[in-house]
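In this chain, residues are counted from 1 in sequence order. The figures that follow rest on heavy atoms only: side chains count, while hydrogens, waters and symmetry mates do not. Just so you know, these numbers come straight off a predicted model, no measurement behind them.
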Amino acid sequence: MKKVTEDKLCREKIRNMDYLKLLGAGAVTLAAVTTTTFYYLTSRPQPIPLLCDLNDQTQEKDHHVDGERYLLSFIEFVCGEGMGNSQSIDLIVDPANQSEITDKNERSRMSKLCKNGKYLCEYEDGEVKTLYDAFKRGARVSNNGEAYGWKPSPSEPFQWISYNDVLVRAANVGAGLIAKGLKPENTTNVGIYSQNRVEYGITEQACYMYSMVLVPLYDTLGPEACTHIINQAEIKTVVCDKNVKVKAILNRIKETPDLESIILVEEPSEEMKELVQKHNIDLTSFAELEALGEKNPQEPKPAKPDDLCVLCYTSGTTGLPKGAMLTHRGTMATVVAAGAVLKPGGIDISPEDTLISYLPLAHSYERLLECYCVLNGARIGFFQGDVKLLLDDIKELQPTLFPSVPRLLNRIYDKVMSQINSGSGIKKKLFNMALASKENELKKSIIRNDSLWDKIVFKKIQASLGGKVKLITTGSAPLSPKVLHFLRCCAGCPVVEGYGQTECHAVCSVTLVGDPDTGNVGPPLPCCEIKLADVEEMNYYAKDNKGEVCIKGPNVFLGYYRDQAKTEEALDKDGWLHTGDIGQWLENGTLKIIDRKKNIFKLAQGEYIAPEKIENVYVRSPLVAQVFIHGESLKSSLVGVVVPDPEVLPGWAKTNLHVTQTMEELCANPDVKKQIMTDLTNIGKTGGLHSFEQVKDIFLYPEQFSVENGLLTPTFKAKRHELKLKFKSEIDEMYKNLV
Ligand SMILES: *[C@@H]1O[C@H](CO)[C@@H](O)[C@H](O)[C@H]1NC(C)=O
Ligand SMILES: *[C@@H]1O[C@H](CO)[C@@H](O)[C@H](O)[C@H]1NC(C)=O
Ligand SMILES: *[C@@H]1O[C@H](CO)[C@@H](O)[C@H](O)[C@H]1NC(C)=O
Ligand SMILES: *[C@@H]1O[C@H](CO)[C@@H](O)[C@H](O)[C@H]1NC(C)=O
């Protein structure tokens, strides 16, 4: 399911981006082109330093290091001594060697930064081991600088709270929670149901300071899932940002009998005050909680490295969400390793840096980035909570770190390209020349924002991100190589793609800063090793450098909270996390994700089917936005549910079928179905599908699968189980007419 449903708000926001003026026509003359050429020849831009040889990015793990020790080190986390990260980076600036096989038996690969098969994951000789330590370090290195920023209203500028003030308020919040009856112990789970904001950060720090565990709740999980989380994690207290969240919890309060109190950041409404009384729930404002803690101070009882910091519930494609147990040690290892990989490429975060915080803190990706900032004393500016105002927030904040997700970048790409394509021929020509010039530089690992092309062509794009971005990260779902490459050309700063999942504290590999290649997710981070395990039923074998991506190291989670069965599915007895993704080692030691292991089934004649592979081929049809492929082991053919592209189909039908119809009418139109069927079959053929992999019938559905209608997961994967249920009657109908 490559083309995902777009967040409508995002779409609207980006529509407002001022790319139309992207190419200031006045500046664009042939003379400018000549000047550029001249400028290019006279100023010699320097390539950025590379961590290692881009042709050889990993190493095999040393074969005399035995597997046992790795299991031990997984548990005890024995890191190499004297491996302060700055030291080792200096040693390994070898730009032809990105990762190595370091274990001949397992054929696992590690980062070039790993010495003697040891993980690189400790910070400042092990002084900084928890997120609490990290925050205190941030306070120290920034000299009590600005920590969190927020806009009180759209018309007011960002205001900032310092590191030490956050610590003081966190101590009050923690003491307040204790006064409310929570125990400062590593088994106390505190719910938080809030958008990113200052109080979120303060609550988080309060938990770490008093050994409590944060449990994020979020809307896209759905009410049933939230109830499950509150009960499973035995949450007694939930911190909410808004009255509506309180209401959502109170609506199902009968199903969460152990919930005792709610802390509300916003002013409680009269309705809520009445409701809580009715349900006998304690409702305290955040300010009251702080005041309560101030009156009843408590000595900090900081979390230990192996304590959980967060129970991060993730929704699978089926069933109830699972609580991934994430630890302080795991988070720190990942942050330290990621920092060590970015540093040689010139990305060194300091108190001068600013992160725009808008991706949900309920996900490990955003949490990891914030930890990276905090550790280095950087500033975190929270967006106002409204996607429509995000670009304004960015303009004012001028972030240097811009985390992103593919769906946002895809919109930027579509927007820019549609304007270029609808513009004049000269604009298009210039844009392509600018891209070609940047491409040339990228190949030499030159990344800059001060070429003439930047000034005349890319400036608008860069300015829309605030003008000071020095690193863009993308993660959470695969980004198409086309868009990644485009962005690297336009952004004037490194764009790195991370790969991972919550179960490995968000990330286990990142493309190297300066690697111009797309279509890989980089070498392993130095906090882990990665191997590819045989998947016989799909014909992927480790000997061919293909197989299921398996991860081991301190960044691997402890398991799912109170769910032994699911834990055993994910973690094998040797501590390898089985991701379900199929990977391939490229020649240069980088990992490429090529397939998914799950959702494999057999057709009646015994052929294995990987529906996602087929869907990824079919969505190449311009008429198609989304496809869901279905098959059954008792049937010998496949059927599909197809959502046509609403931006393409009506125009196409008008031109080709001479009809002007709504999406609903078009989906019911047999001619449309016939044409789409033909198109899919042709695309399947050119895309290399076997004839048994081609759908034999389709059903056209006018509404996109989305998170909101429950057909996609929050990370935009198809909820296959739900899709199957939803389209059961249509699927049965299609099979009736097939043999
Ligand atoms: C890495 O390997 C892939 C596949 O062999 C190749 O396409 C790519 O150009 C290589 N990258 C570099 C930087 O050499
Ligand atoms: C990569 O580095 C390893 C040692 O780190 C070395 O043995 C190997 O020869 C290097 N490969 C290339 C292609 O330079
Ligand atoms: C809580 O702390 C105790 C004592 O340090 C430790 O044995 C236990 O494993 C910890 N539990 C969790 C869930 O972190
Ligand atoms: C170029 O990028 C740097 C950050 O790497 C930023 O400070 C600077 O303002 C940018 N310059 C222009 C002209 O956009």
Side-chain angles (χ1 to χ4, degrees), residues 76-87 119-148 161-175 184-186 188 190 200-214 298-310 312 325-340 343 348-351 353 355 361 364 367-380 505-506 525-527 553-555 557-558:
E76 291 190 354
F77 194 55
V78 189
C79 285
E81 305 88 54
M83 299 250 323
N85 59 355
S86 50
Q87 255 172 306
Y119 304 127
L120 167 67
C121 47
E122 286 216 339
Y123 202 65
E124 295 194 338
D125 300 330
E127 286 297 303
V128 183
K129 284 189 170 141
T130 66
L131 289 135
Y132 178 54
D133 296 339
F135 201 91
K136 283 193 300 180
R137 182 182 186 274
R140 195 171 68 242
V141 297
S142 68
N143 199 10
N144 190 27
E146 292 168 340
Y148 295 140
I161 175 170
S162 74
Y163 272 88
N164 285 343
D165 286 348
V166 171
L167 285 171
V168 168
R169 288 183 65 187
N172 290 339
V173 167
E185 285 168 5
N186 65 4
T188 301
V190 179
Y200 199 123
I202 291 174
T203 305
E204 202 179 333
Q205 291 308 320
C207 286
Y208 306 154
M209 202 182 268
Y210 294 96
S211 296
M212 299 180 199
V213 182
L214 200 71
Q298 292 280 339
E299 275 300 305
K301 193 189 166 208
K304 300 202 175 55
D306 291 308
D307 286 342
L308 306 186
C309 55
V310 170
C312 198
M325 295 191 282
L326 306 184
T327 61
H328 286 268
R329 200 188 287 284
T331 309
M332 290 314 298
T334 316
V335 166
V336 167
K343 203 168 172 175
D348 204 2
I349 298 304
S350 77
D353 284 293
L355 173 84
L361 263 171
S364 48
R367 287 178 29 76
L368 198 78
L369 282 162
E370 296 205 2
C371 180
Y372 176 45
C373 288
V374 158
L375 175 69
N376 294 297
R379 313 190 308 166
I380 296 170
H505 291 79
L525 283 183
C527 58
N555 62 335
F557 78 146
L558 297 187

Between [X] and [Y], what is the shortest heavy-atom contact and its length?
{"X": "I202", "Y": "V173", "value": "CG2-CG2, 3.8 Å"}
{"X": "S364", "Y": "L326", "value": "CB-CD1, 4.4 Å"}
{"X": "H328", "Y": "A303", "value": "NE2-CB, 3.2 Å"}
{"X": "A333", "Y": "C527", "value": "O-CB, 3.7 Å"}
{"X": "E146", "Y": "Y163", "value": "O-CE1, 3.5 Å"}
{"X": "A170", "Y": "Y210", "value": "O-CE1, 4.2 Å"}

I'd like to know if the side chain of [X] reaches the main chain of [Y], judged simply by a donor and an acceptor atom lying under 3.5 Å from each other, with no hydrogens or angles considered.
{"X": "D133", "Y": "T130", "answer": "yes"}
{"X": "T188", "Y": "P184", "answer": "no"}
{"X": "T334", "Y": "N555", "answer": "no"}
{"X": "H505", "Y": "M332", "answer": "no"}
{"X": "N164", "Y": "N144", "answer": "no"}

All N/O donor-acceptor pairs, side-chain side in residues 367-375, below 3.5 Å, sequence neighbours left out:
from : atom 1 : to   : atom 2 : distance (Å)
R367 : NH1    : E204 : OE2    : 2.8
R367 : NH1    : Y208 : OH     : 3.2
E370 : OE2    : S357 : OG     : 2.7

Does a side-chain heavy-atom distance below 4.5 Å link [X] with [Y]?
{"X": "V128", "Y": "K136", "value": "no"}
{"X": "P300", "Y": "Y132", "value": "yes"}
{"X": "L167", "Y": "M209", "value": "yes"}

Straight-line distance of [X] [atom1] to [Y] [atom2], nearest 0.5 Å:
{"X": "D307", "Y": "L131", "atom1": "CG", "atom2": "CG", "result": "11.5 Å"}
{"X": "I380", "Y": "I161", "atom1": "CD1", "atom2": "CD1", "result": "12.5 Å"}
{"X": "S142", "Y": "R137", "atom1": "OG", "atom2": "CZ", "result": "10.0 Å"}
{"X": "N376", "Y": "D348", "atom1": "CG", "atom2": "CG", "result": "7.0 Å"}
{"X": "D306", "Y": "K129", "atom1": "CG", "atom2": "NZ", "result": "9.5 Å"}
{"X": "Y200", "Y": "Q205", "atom1": "OH", "atom2": "CD", "result": "12.0 Å"}

